[in-house]
Participant: 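To start, I am sharing the structure in question, which I have written as structure tokens.
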Amino acid sequence: MITYLLLADALPKSPQSSTFWLPKAGSLSAGQFDWLYDFLTILSIVSVVGIAAAIVYLVVKYRAGSRAANEIADKTPDHNTTLELTWSIIPLFIVMAIFVWGFKGYLDLRTPPKDALEVNVTGQKWNWSFTYSNGMSDNALHVPVNTPVRLVLTSVDVIHSLYIPAFRIKMDAVPGRYTEMWFQSTEAGEYPIFCAEYCGAGHSRMLSRVVVHEPGGYENWLSEQQKKMSSMPLPELGAQLYQKQGCKTCHSIDGSRLVGPSWKGLFGRKETMSDGTVIAVDANYIRESITEPQKRIVSSFAPAMPTYQGKLTDRELTALIEYIKTLK
Amino acid sequence: MTSTTAAMDSSPTGERSAPPPSSDGARSDSYLTHDRGFASWIFTLDHKRIGIMYLIGVMTAFLLGGVFALLIRTELFFPGRTLMDAQTYNQLFTLHGAIMVFLVIIPGIPAILGNFVLPMQLGAKDVAFPRLNLTSFHLWVLGALFLVLSMVLSAVDTGWTFYTPYSTTTSTAVIPATFGAFILGFSSIFTGLNFIVTIHKLRPPGMGWYRMPLFLWSLYATAVIQVLATPVLGITLLLLIAERLFQIGIFDPALGGDPVLYQHFFWFYSHPAVYIMIVPAFGVISEIIPVFSRKRIFGYKFIALSSVAIAILGFFVWGHHMFTSGQSILAGTLFSALTFLIAIPTAIKVFNWIATMYKARIHLDTPMLYALAFLWVFTIGGLTGIFLGTMSIDVHLHDTYFVVAHFHYVMMGGSITAFLGGLHYWWPKLFGRRYDEKLARIATGVVFVGLNLTFFPQFILGARGMPRRYYDYLPEFTHLHQLSSVGAFILGAGFVMTTVYLIATLRRPIDAAANPWGASTLEWTLPSPPPYYNFHEAPIVTAGPYDGYEDLVYVEELHGYVRRSEEKQSSGDPGRAIEGGPRSSARESLEPPQAERAGADPARTDGASETSKPEEEA
């Protein structure tokens, strides 16, 4: 409960939906999806209610009295090939139609337009990283409205799955290969992103958001971010990286215990390692923990941290150390 | 009538009306009391005792898996931390899934009810390979111990699917758990092999394939899947173990392997395994509905062959678990099309069961209530499967609570409901005791309400985008999670209630009739509980498994049915009214007459003396 309350502001939130079953539709394919989903829902409700009504009717009408009455069912035929074929062939036509609609929708989902804007996505325990055309990375997905966007996914550790309910799309991010997905958003706003493939202790916190910008907003955002990152004071950059690189998933800054040690008061603290040695946390230990996390683990914590070797520049590593220093 | 059928051999099992005069000797023929002592159970070759041991083992596992489920639902009552940290939660849902799949539902109906009933429905003394049957149970115990070992060392946290490369890199005890599943696979293969041979070789004279009870058809179809699909799981798990132990690159891309290959291998077994779990349930429902409708089943051949169709088609649909894995569009399309074909044989069954109730005379005893509950939950489980088989729809619903709800409606709602129906149906036969019918009906209602309340909200959660295997969730999902958790506790209460009244019957004297429901399959010709050797002579079958209800008459003081001819001849002599058939003279001289009771004697078994010759195989 405590961690939840602290993070409540940071959590993504789905916009209000006008329907009972589905989240607000935010993409072209969501519109395609919703009518088929609604059709299947109505078909299911009609079938379940029909079957339930038949059962209730039969049970009420043909309920036997006491067993002592020894009632025996009326003599009726115990098979009827015409009937069997009827209730086999009619459902067959229905499900084949559903199959074809599903197939068409799936083809659309898997076939991005050629001119789509490309964003590279990397999944990592437990953080999403979106890399834009100018080389900048962010842990939220920023896209322009009414523009086809193609995401090229991969993972650096285990399988993750990028899931945007508002767009009705999902694709696995598989280590060692690229997969892709695409969408065209229809309305500016923010929508939650989830990791849908189980990936360990931080799976349920591997959250992010799509920010759909009004026309022009996307380009402005990109250039602003780029300016900010290069001129920012180190501790401030460190604080940004803490948010964006996924550090916050496992390390608190308020002293509460998550998957890894809290950063509060970490710098200079004496820590016992899992092999029993005691060290004072300094800049070198922090740097080592980021680039080679399994080398020396603080005792009572699991060796769960993935390496950030090659993902952070020297300036960024120093920025993180400077940031940790400020967390007294 | 001078039937020679050994089925009518009366088994003295204690006096019915008065407390039994401590007649242990008189009861010694029952399989429950034939031998005594712990060793006589754990080394028994008797299929009935092996069935009972499976019942105890599987129910213990069910209790454990159920407690884990309640812990999970309690944790999810509030977003954020409620009881435990994320790692513990992940271990709990993994163990819940692994226990429920490998230890409970896969062995559930075949190994418990199948073991007990199959040889008797064939008029046989045992399965074809009794030692293999015992080995199968011992392997089950060994496999369960390996899962426990994993729990003790560092409980596995991969999900029951053991997806790579998570499972090859996590620090928890994956090897004991997967090795346990490997061993349990052999247990399952042995059971399947045994059932296939038994059904082929030990059918009684007159029982052609189309005279087999539908429960046997379903067990046969299941056994084929068990024998053909399980080895693939075995080798997959061994490869996984080899990769972890020796760093051989098979599935882990860091070692040059392919993680999606693992998913293909895994689902090549685990999708057919879904049918290992549900097809036996179809069999149980097909037994219950005609008996409690007092009517022959409608569309026997369609029900029988649809089990086989499902078993075969089930091998070619595994890719529908992988529509979002990056699998090729062509492969996905084929898997989706084949998936829809399975809807047809499944729908055929449901329609035939309902048609059976037309112009029937329906008795709403507990087994029938469970069968009706099954029709409701299984229809919902099946129809939501259509959502998930539709490719574009699955992209949104895959790995959400919609999937969780769907397979719990099929596995929990389908398999477990049918198992409970079967357990209540055969309980008098298993232990010779009647349970409290009123309590049982109430418990059925509690289970039914709990089940729907637990899992229906999960459909809404999933459709709204709640992913599965989440320790924490967005505040917008709170109310539906709480509804589901309340349902889980109601469901738990239903199971506790059921356990209590069923176990309570064991303290009572034997009081069940040979044929309490008026069924005409062969197991009901034996006394309750059956004698150690079942039939002294193989019965001869002259009619179908759901024929001859008109020849059975309910006898109030017996709480069971006897053949019409027996009832007339025994009128005026209550002591004889409970005799299901002529006694063998040898036995009569051994047993005090007042201690005797026996099974009813359905029309179909008294072949030798009947004027009609046993028909040849259909």
Side-chain angles (χ1 to χ4, degrees), chain A residues 1 3-4 11 14 21-23 33 36-37 40 44 47-48 51-52 54-55 58-59 62-64 67-68 70-74 76 78-79 84 87-88 91-92 95 98-99 102-103 105-106 109-110 158-159 161 163 165 168-172 174-176 179 194 196-198 201 203-204 302, chain B residues 78-81 86-87 159 165-166 171 253 259 293-296 298-299 302 324-326 329 333 336-337 340 343-344 347-348 351 354 357-363 372 375-376 379-380 383 387 390-393 395-396 398-399 463-465 467 469-472 474 476 549-550 553-554 556:
Chain A
M1 279 309 281
T3 52
Y4 152 62
L11 288 173
S14 308
W21 282 99
L22 296 165
F33 174 97
L36 184 52
Y37 182 90
L40 291 178
S44 299
S47 309
V48 171
I51 284 174
I55 292 171
L58 292 171
V59 167
Y62 300 115
R63 175 120 190 237
R67 285 197 178 265
N70 277 314
E71 295 172 79
I72 291 296
D74 298 355
T76 53
D78 59 10
H79 67 276
E84 298 281 356
W87 66 38
S88 306
L92 184 68
V95 295
I98 296 168
F99 159 71
F103 167 65
Y106 188 71
L109 285 178
R110 294 283 299 262
V158 299
I159 300 175
S161 189
Y163 176 32
R168 320 282 190 263
I169 53 168
K170 178 185 291 122
M171 181 52 83
D172 289 3
V174 183
T179 52
F194 299 97
E197 185 62 62
Y198 171 71
H203 174 50
S204 65
Chain B
F78 298 108
R81 184 185 172 116
Q87 181 63 17
Y166 189 82
S171 59
S293 299
R294 313 308 300 144
K295 184 161 171 279
R296 285 174 73 166
F298 189 82
F302 280 86
T324 68
S325 69
I329 295 173
T333 305
S336 173
F340 280 108
I344 305 306
I348 287 176
F351 293 142
I354 293 173
M357 292 191 280
Y358 175 67
K359 292 197 173 179
R361 291 293 177 273
I362 298 167
H363 292 279
L372 297 177
L375 289 177
W376 168 264
T379 302
I380 293 177
L383 286 165
F387 286 73
T390 309
M391 287 191 282
S392 62
I393 303 295
V395 169
H396 175 60
H398 179 73
D399 270 338
R464 289 182 180 178
R469 296 176 169 175
Y470 262 35
Y471 163 69
D472 197 357
L474 297 186
E476 63 201 55
Y549 295 140
E550 59 279 2
V553 181
Y554 188 74
E556 195 79 57

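Here is the naming used below: chain letters follow the sequence lines, and residue numbers restart at 1 for every chain.
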Participant: Can you tell me how the ring of A:Trp87 sits relative to the ring of B:Phe351, calling it parallel under 30°, perpendicular over 60° and tilted otherwise?
Facilitator: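 The rings of A:Trp87 and B:Phe351 sit tilted, inter-plane angle from 30° to 60°.
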Participant: Would you say the side-chain atoms of B:Glu476 pair up with the backbone N or O of A:Ser14, donor to acceptor, closer than 3.5 Å?
Facilitator: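 Yes; judged by distance alone, with no hydrogens or angles, the pair exists.
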Participant: Can you tell me which portion of B:Ile344 sits under 4.5 Å from chain A's heavy atoms? Options are side chain, backbone, both or neither.
Facilitator: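 Interface part for B:Ile344: side chain.
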Participant: Using non-hydrogen atoms only, which part of B:Glu550 is less than 4.5 Å away from chain A: side chain, backbone, both, or neither?
Facilitator: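 Both parts, heavy atoms under 4.5 Å.
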Participant: For the pair B:Phe340 and A:Ile98, evaluate side-chain contact (heavy atoms from CB on, under 4.5 Å) and give the outcome as yes or no after the intermediate values.
Facilitator: CA-CA 9 Å; B:Phe340 280 108; A:Ile98 296 168; 3.9 Å; yes
Participant: Given A:Asp78, which partner from the list B:Lys359, B:Lys295, B:Arg296 fulfils the salt bridge (Lys or Arg N to Asp or Glu O under 4.0 Å) test?
Facilitator: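 The residue from B:Lys359, B:Lys295, B:Arg296 that satisfies salt bridge (Lys or Arg N to Asp or Glu O under 4.0 Å) with A:Asp78 turns out to be B:Arg296.
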Participant: Please state whether the side chain, the backbone, both or neither of B:Ser336 comes within less than 4.5 Å of a heavy atom of chain A.
Facilitator: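 Both backbone and side chain.
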Participant: Which heavy atom of B:Tyr166 sits nearest to which heavy atom of A:Val158, and what is that distance?
Facilitator: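 Scanning both residues completely, I find the closest heavy atoms to be CA-CG1, 3.6 Å.
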Participant: How many angstroms lie between CZ in B:Phe302 and OG in A:Ser88, if you round to the nearest 0.5 Å?
Facilitator: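 Interatomic distance, B:Phe302 CZ to A:Ser88 OG, rounded to 0.5 Å: 6.0 Å.
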Participant: Which region of A:Ile159, side chain (C-beta onward) or backbone (N, CA, C, O), has a non-hydrogen atom less than 4.5 Å from a non-hydrogen atom of chain B, or is it both or neither?
Facilitator: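 Contact with chain B: backbone and side chain both.
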Participant: Between A:Asp74 and B:Arg361, does any NZ, NE, NH1 or NH2 come within less than 4.0 Å of an OD or OE carboxylate oxygen?
Facilitator: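 Answer for the salt bridge query: yes.
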Participant: As an exercise, state the distance from CD1 of B:Ile362 to CD1 of A:Ile55, rounded to the nearest 0.5 Å.
Facilitator: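 Between B:Ile362 CD1 and A:Ile55 CD1, I get 9.5 Å after rounding to 0.5 Å.
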Participant: To the nearest 0.5 Å, what is the distance between CD1 on B:Ile348 and CD on A:Glu84?
Facilitator: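 It comes to 6.5 Å.
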Participant: Below 4.5 Å, heavy atoms only, C-beta onward: do B:Val395 and A:Arg168 meet side chain to side chain?
Facilitator: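 Heavy-atom side-chain distance check fails, nothing below 4.5 Å.
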Participant: Sequence neighbours left out, what passes ring pair (Phe, Tyr, Trp, His ring centres under 6.0 Å) with B:Tyr470? Give chain and number order.
Facilitator: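 Ring pair (Phe, Tyr, Trp, His ring centres under 6.0 Å) list for B:Tyr470, sorted by chain: A:His203.
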Participant: So which residue, A:Pro175, A:Gly105, A:Gly176, ends up with the most heavy-atom pairs under 4.5 Å with chain B?
Facilitator: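 So the answer, after comparing A:Pro175, A:Gly105, A:Gly176, is A:Pro175.
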Participant: Measure across B:Tyr549 and A:Ile72 and return the closest heavy-atom pair with its distance rounded to 0.1 Å.
Facilitator: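 Nearest pair, atom of B:Tyr549 first, then A:Ile72: O-CD1, 3.4 Å.
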Participant: Less than 4.5 Å apart, any side-chain heavy atom of B:Thr333 and any of A:Phe99?
Facilitator: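 When only atoms from C-beta onward are counted, A:Phe99 and B:Thr333 do touch, with a gap below 4.5 Å.
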Participant: Is B:Tyr358 reaching over with its side chain to a backbone N or O of A:Leu58, donor-acceptor style, under 3.5 angstrom?
Facilitator: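 Flag not set: sc B:Tyr358 to bb A:Leu58 has no pair under 3.5 Å.
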Participant: What residue in A:Arg63, A:Lys170, A:Glu71 has the most heavy-atom pairs under 4.5 Å with chain B?
Facilitator: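 Option with the top pair count is A:Lys170.
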Participant: How close do A:Ala73 and B:Ala360 get, counting heavy atoms only, and between which atoms?
Facilitator: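 What the structure gives for the nearest pair is CB-CA, 3.6 Å.
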Participant: So, for A:Tyr163 and B:Pro467, which heavy atoms are closest and what is the spacing to 0.1 Å?
Facilitator: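 Where A:Tyr163 meets B:Pro467 most closely, the heavy atoms are CD2-CG, 4.3 Å.
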Participant: Of all of A:Ile169, A:Thr179, A:Thr76, A:Val174, which one pairs up most often with chain B through heavy atoms under 4.5 Å apart?
Facilitator: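 Maximum pair count with chain B is reached by A:Thr76.
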Participant: With a 3.5 Å distance limit and no angle check, can you tell me whether A:Asn70 reaches the backbone of B:Tyr554 through a side-chain donor-acceptor pair?
Facilitator: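 Yes: the side chain of A:Asn70 pairs with the backbone of B:Tyr554.
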Participant: Holding to salt bridge (Lys or Arg N to Asp or Glu O under 4.0 Å), I want the full list of residues that pass it with A:Arg67, two or more places apart in sequence or in another chain.
Facilitator: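 B:Asp365.
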Participant: Can you say whether A:Phe103 sits under 4.5 Å from chain B via the side chain, the backbone, both, or neither, judging by heavy atoms?
Facilitator: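 Both backbone and side chain.
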Participant: For B:Arg464 versus A:Pro165, what's the shortest heavy-atom pair and its separation?
Facilitator: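 Looking at all heavy atoms of both residues, the shortest contact is O-CB, 4.3 Å.
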Participant: If you take all heavy atoms of B:Phe387 and A:Ser44, which pair is closest and at what distance?
Facilitator: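 For B:Phe387 versus A:Ser44, the nearest heavy atoms are CE1-OG, 3.2 Å.
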Participant: When rounded to the nearest 0.5 angstrom, what is the spacing between CD1 in B:Ile393 and OH in A:Tyr106?
Facilitator: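 The CD1 atom of B:Ile393 sits 13.0 Å away from the OH atom of A:Tyr106.
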Participant: Determine whether B:Trp376 and A:Ile51 make a side-chain contact, defined as any pair of heavy atoms from C-beta on separated by less than 4.5 Å.
Facilitator: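 No, every pair of side-chain atoms sits at 4.5 Å or beyond.
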